[in-house]
Each structure stands twice: as structure tokens, then as C-alpha cells.
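Before any comments, here is the structure.
Note that the numbering runs from 1 along the sequence shown for the chain. Hydrogens, waters and symmetry mates play no part in the numbers below; they use all other heavy atoms, side chains included.
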Amino acid sequence: MKMKQESGSALIAAIFFILAATLLTMAVLAMSKFNTFTIRPHTDLQRSFYTNEGVANRIQWLIAADRGLHPVANPGEEDYSEYDYDRYLADGVIHTLNYYGTEIEFTISDARSGFDFTPRGWSSTLNRIKRRWNTDTDLAEKLDLLRDLISDYTDSNDNINGDGKEVSDYESENRAPLPRNSAMQFREELFYIDGFTDMFPIDNHGRLSSIRLIPPGNMANLSGNPSIFTADRYLLMVYCDLEEEDADAVLEAIKIYRTERTKLSDLLGADLLPKIRRLSWRESGYYTVDIKPKNGTVGKRLTFSFPGFGREGPQNETVRYLQWIFY
């Protein structure tokens with residue numbers, strides 16, 4: 001009886017041991033599966049940093065090769081079907097690239113795009129909008145307020161313009177050391193101007209993509225009319241004096257051009273085409289490239305802007321970027 005009792009006790013202990021080992025194994029497997037779901041996206045994001053940097057370098061040389069083969073670029077008027085290779089123009093057409101097994105999508109646009117709020121252009125931009133809706137008193141008041149705020153932010157004195165703000169006002173709001181009291185050095189400083197994003201909303205990625213870049217110092221000259229290929233409805237209404245319906249028709253034509261690569265002039269009627277010629281159809285020589293993973297796979301996006309160069313390479317073998325942002 002004693003031997004049987006001891007044998008039964010050992011069996012129970014062995015069963016509990018096997019059960020505990022099974023539970024531990026299941027827990028390890030569950031944790032491993034969980035870590036696969038959490039670590040894999042993180043690894044993919046880290047890998048996409050390096051991939052995007054490599055793709056960015058290749059795209060710059062693709063643009064350089066295109067400029068070498070075709071010194072005169074005609075965005076919107078080029079017939080892509082005439083070439084047995086892809087063209088790399090500042091027209092927003094979607095391109096794909098297989099970068100060592102990773103599928104990437106990218107677009108090329110002109111850096112001379114969006115509303116001009118550079119030190120030389122911001123006042124003219126506000127005047128242009130005001131003239132477009134010269135009977136809208138509420139809009140006029142908002143524009144005048146923006147003018148006062150930007151003036152005080154950028155001028156070198158402490159005198160308050162109308163409803164603007166100076167040092168004491170920013171200090172009372174715990175926003176020291178604002179204002180800059182000199183010319184803005186980058187576009188994102190406009191976030192500091194109260195109410196600016198109410199009139200010029202950010203895009204889906206939290207960026208002021210409807211506003212032209214502000215190159216620091218004399219790094220680049222982006223003055224001039226903005227590119228037609230990055231225009232939004234508001235910009236078309238301001239620069240081309242279009243109503244919403246016509247502006248939407250132009251945007252639809254641009255969308256078709258980008259996807260089907262049909263000449264833009266063939267997609268627009270004779271009444272709209274002359275009006276949108278007020279915007280630029282020529283390349284400025286400064287490019288903005290947007291890179292993203294294809295088919296919605298996990299990965300970072302990269303947007304960068306740079307001065308174009310020829311097949312001989314950039315000046316002094318150095319590329320000076322106007323912006324370089326991952327998001």
C-alpha cells in the first residue's frame with residue numbers, strides 16, 4: 001500500500017510538472033507571437049529610413065538624367081507614350097521604383113508651389129486674396145489681422161501694428177522668446193501666427209503643404225507664380241479667379257493627367273485653359289519629391305526639396321536641401 005501511495009504521488013507531481021511546462025510553453029509562444037506583431041512594424045519603420053534615403057539619392061540622378069536628355073521640359077504637355085522609358089518631370093505624376101526588392105512610390109513637383117509667404121511675398125499674397133473677395137468684409141478683417149501679426153513678428157521694433165503682438169504679449173502667453181523680430185527663416189514659423197492655420201489649414205500629415213517653402217538666406221529663389229500641378233481649390237480661385245465648380249473641374253483634370261498621363265490641355269476646355277495659364281507650367285529648377293511605401297505597407301514617408309543638377313552632379317559635389325522631413 002505504501003509503495004502504491006508513493007507511486008500515485010509521483011504521478012500527480014509529474015502531471016503538474018507537465019501541465020506547468022505546457023503553460024509556460026504556451027506563454028512563451030504567445031509572447032513570441034505578440035512580439036512579432038509589435039517588433040516587426042518597428043523594424044520595418046527603421047528599415048524604411050535607410051530605404052528612403054537611398055531612393056532619394058537615386059531619384060535625384062533620375063531627374064538629372066532626364067534634364068540631360070531633355071533640356072526643355074514641358075510638364076503637362078509631354079506625351080509619355082512617346083518614350084520607351086519613364087520621364088521625371090515636376091508634374092506630380094506617380095512613379096514606382098523597385099529598390100532592392102522594396103516597392104516605392106514617389107512624385108516630383110515644383111518647389112515653387114503654394115501661397116508665397118516669403119519675406120518678399122507675404123504682403124502681396126494677402127493683397128491678392130483680399131482683391132479676389134473685395135466685398136467680403138469678414139475676410140478682409142481676418143487678412144488685416146494676419147498682416148498686423150506677421151508685421152509685428154518680423155519687424156525689428158517693438159511698436160504694435162493695429163491688432164498685432166509684440167514681446168510683452170508673447171511673454172504674457174508664455175511664448176517667449178517670440179517674436180523673431182526679423183525675417184522668418186523657415187515656413188513652419190507661420191504656426192506661431194495666431195489664426196494662420198484657420199485660413200490655411202494643414203494637410204493630412206500636419207504640414208503646411210499649401211504654403212511655399214521659405215529658403216533660409218539666399219539659398220534659393222522661389223519667387224514667381226506657383227506651379228499649376230500642385231494647386232488646390234483655394235489657390236486656383238485666388239490666382240485664376242475661378243469659381244468653386246471650375247476649380248474642381250481643373251483639379252479633376254490634373255488628377256486624370258497624373259493617373260492616365262493624358263495631356264492637360266486635352267482635358268480642359270477653351271474657357272478654362274487660358275485662365276489657368278496664369279499659373280506656372282514651367283519648371284523652376286527646384287524640386288520637391290514625396291516618397292512613400294507602395295500599396296500601404298508599413299514604412300516612413302520622406303519629403304525633400306533640392307536644387308536640380310545635371311549629369312555632371314551638384315555644384316561642389318554637395319546637395320543643399322531646402323527641406324528634409326520624415327513622417
Side-chain angles (χ1 to χ4, degrees), residues 59-97 105-116 128 203 209-213 220-292 303-310 322:
I59 292 171
Q60 292 176 61
W61 286 103
L62 289 172
I63 295 173
D66 193 285
R67 285 159 60 101
L69 289 172
H70 308 280
V72 178
N74 295 296
E77 294 301 303
E78 293 287 357
D79 186 351
Y80 278 80
S81 63
E82 292 182 355
Y83 306 95
D84 56 2
Y85 51 86
D86 207 357
R87 293 294 309 278
Y88 298 98
L89 305 171
D91 55 6
V93 167
I94 299 174
H95 304 274
T96 60
L97 179 65
E105 286 185 352
F106 68 92
T107 60
I108 305 167
S109 56
D110 203 302
R112 188 177 61 194
S113 296
F115 288 101
D116 185 357
R128 184 186 292 270
D203 63 20
S209 55
S210 65
I211 307 300
R212 190 172 307 181
L213 292 172
N221 180 10
L222 299 181
S223 61
N225 288 340
S227 171
I228 176 63
F229 303 101
T230 53
D232 58 16
R233 177 195 292 171
Y234 192 44
L235 190 142
L236 287 168
M237 295 174 71
V238 171
Y239 275 82
C240 304
D241 197 26
L242 299 181
E243 298 301 327
E244 286 191 18
E245 183 178 354
D246 289 337
D248 289 340
V250 174
L251 293 176
E252 181 63 24
I254 294 174
K255 181 180 178 180
I256 294 173
Y257 166 75
R258 288 175 172 171
T259 54
E260 300 181 9
R261 305 190 179 190
T262 304
K263 288 184 179 181
L264 193 56
S265 58
D266 293 339
L267 299 170
L268 293 168
D271 55 334
L272 286 179
L273 195 58
K275 293 182 178 180
I276 64 172
R277 289 288 184 186
R278 301 173 189 175
L279 297 177
S280 175
W281 289 55
R282 298 293 183 183
E283 294 185 354
S284 68
Y286 293 89
Y287 301 90
T288 293
V289 179
D290 292 293
I291 303 171
K292 68 176 182 178
T303 295
F304 68 96
S305 301
F306 72 103
F309 51 83
L322 308 184

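The aromatic rings of Phe106 and His95 sit parallel, their planes meeting at an angle under 30°, below the 60° perpendicular limit. Between Tyr83 and His70, the ring planes are perpendicular. Angles over 60° get that label, and only those under 30° would be called parallel.
To the nearest 0.5 angstrom, Asn225 atom CG is 11.5 Å from Ser113 atom OG. Atom OG in Ser265 sits 9.0 Å away from atom CD1 in Ile276 (nearest 0.5 Å). Note that CG of Asp246 is 7.5 Å distant from CD of Glu243, once rounded to the nearest 0.5 Å. Atom CZ of Arg212 and atom OG1 of Thr230 lie 8.5 Å apart (nearest 0.5 Å). Taken from CG in Leu89 to CD in Glu77, the straight-line distance is 11.5 Å, to the nearest 0.5 Å. One finds the CG atom of Leu273 at 9.5 Å from the CG atom of Asp266 (value rounded to the nearest 0.5 Å).
For the pair Leu236/Leu279, a side-chain contact is recorded, criterion being any heavy-atom separation below 4.5 Å from C-beta on. At least one side-chain heavy atom of Leu264 sits under 4.5 Å from a side-chain heavy atom of Trp281. Inter-residue side-chain proximity for Tyr239 and Arg278 is flagged as unmet; no heavy-atom pair is nearer than 4.5 Å. Phe304 has its side chain out of reach of Leu322: every pair of non-hydrogen atoms, C-beta onward, lies at least 4.5 Å apart. Ser210 has its side chain out of reach of Asp203: every pair of non-hydrogen atoms, C-beta onward, lies at least 4.5 Å apart. Looking at heavy atoms from C-beta onward, Leu213 lies in side-chain contact with Leu222 at the 4.5 angstrom threshold.
Side-chain atoms of Asp232 come within 3.5 Å of backbone N or O of Leu235 as a donor-acceptor pair. Between the side chain of Asp110 and the backbone N or O of Ser284, at least one donor-acceptor pair lies under 3.5 Å. Using a distance-only test at 3.5 Å, with no hydrogens or angles considered, a donor-acceptor pair links the side chain of Tyr257 to the main chain of Gly76. No donor-acceptor pair closer than 3.5 Å links the side chain of Glu105 to the backbone N or O of Lys292.
Closest approach of Gly310 to Ala64, counting heavy atoms only: O-CB, 3.6 Å.
Judged purely by distance below 3.5 Å, without hydrogens or angles, the side chains of Asn74 and Arg282 pair a donor atom with an acceptor atom. Using modelled atom types and a 3.5 Å distance limit, the side chains of Tyr85 and Asp66 yield no donor-acceptor pair. For the residue pair Arg112 and Ser280, a side-chain donor N or O sits within less than 3.5 Å of a side-chain acceptor on the partner.
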Might you work through the side-chain contact (heavy atoms from CB on, under 4.5 Å) test for Ile63 and Phe306, ending with a clear yes or no? CA-CA 11 Å; Ile63 295 173; Phe306 72 103; 3.9 Å; yes
Worked check of side-chain contact (heavy atoms from CB on, under 4.5 Å) between Tyr88 and Val93: CA-CA 8 Å; Tyr88 298 98; Val93 167; over 6 Å; no
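Salt-bridge formation is not detected for the pair Asp241/Lys275: no Lys NZ or Arg NE/NH1/NH2 atom is positioned less than 4.0 Å from an Asp or Glu carboxylate oxygen. Ion pairing between a basic and an acidic side chain is recognised when a charged N comes within 4.0 Å of a carboxylate O; Asp79 and Lys263 show no such pairing. Under a 4.0 Å N-O distance rule, the pair Asp91/Arg261 does not qualify as a salt bridge.
Applying the ring pair (Phe, Tyr, Trp, His ring centres under 6.0 Å) test between Phe309 and each of Tyr287, Trp61, Tyr286 identifies Trp61 as the sole match. Among Thr303, Val289, Thr288, the single residue meeting the side-chain contact (heavy atoms from CB on, under 4.5 Å) criterion with Ser109 is Thr288.
With sequence neighbours excluded, no residue forms a salt bridge (Lys or Arg N to Asp or Glu O under 4.0 Å) with Arg67.
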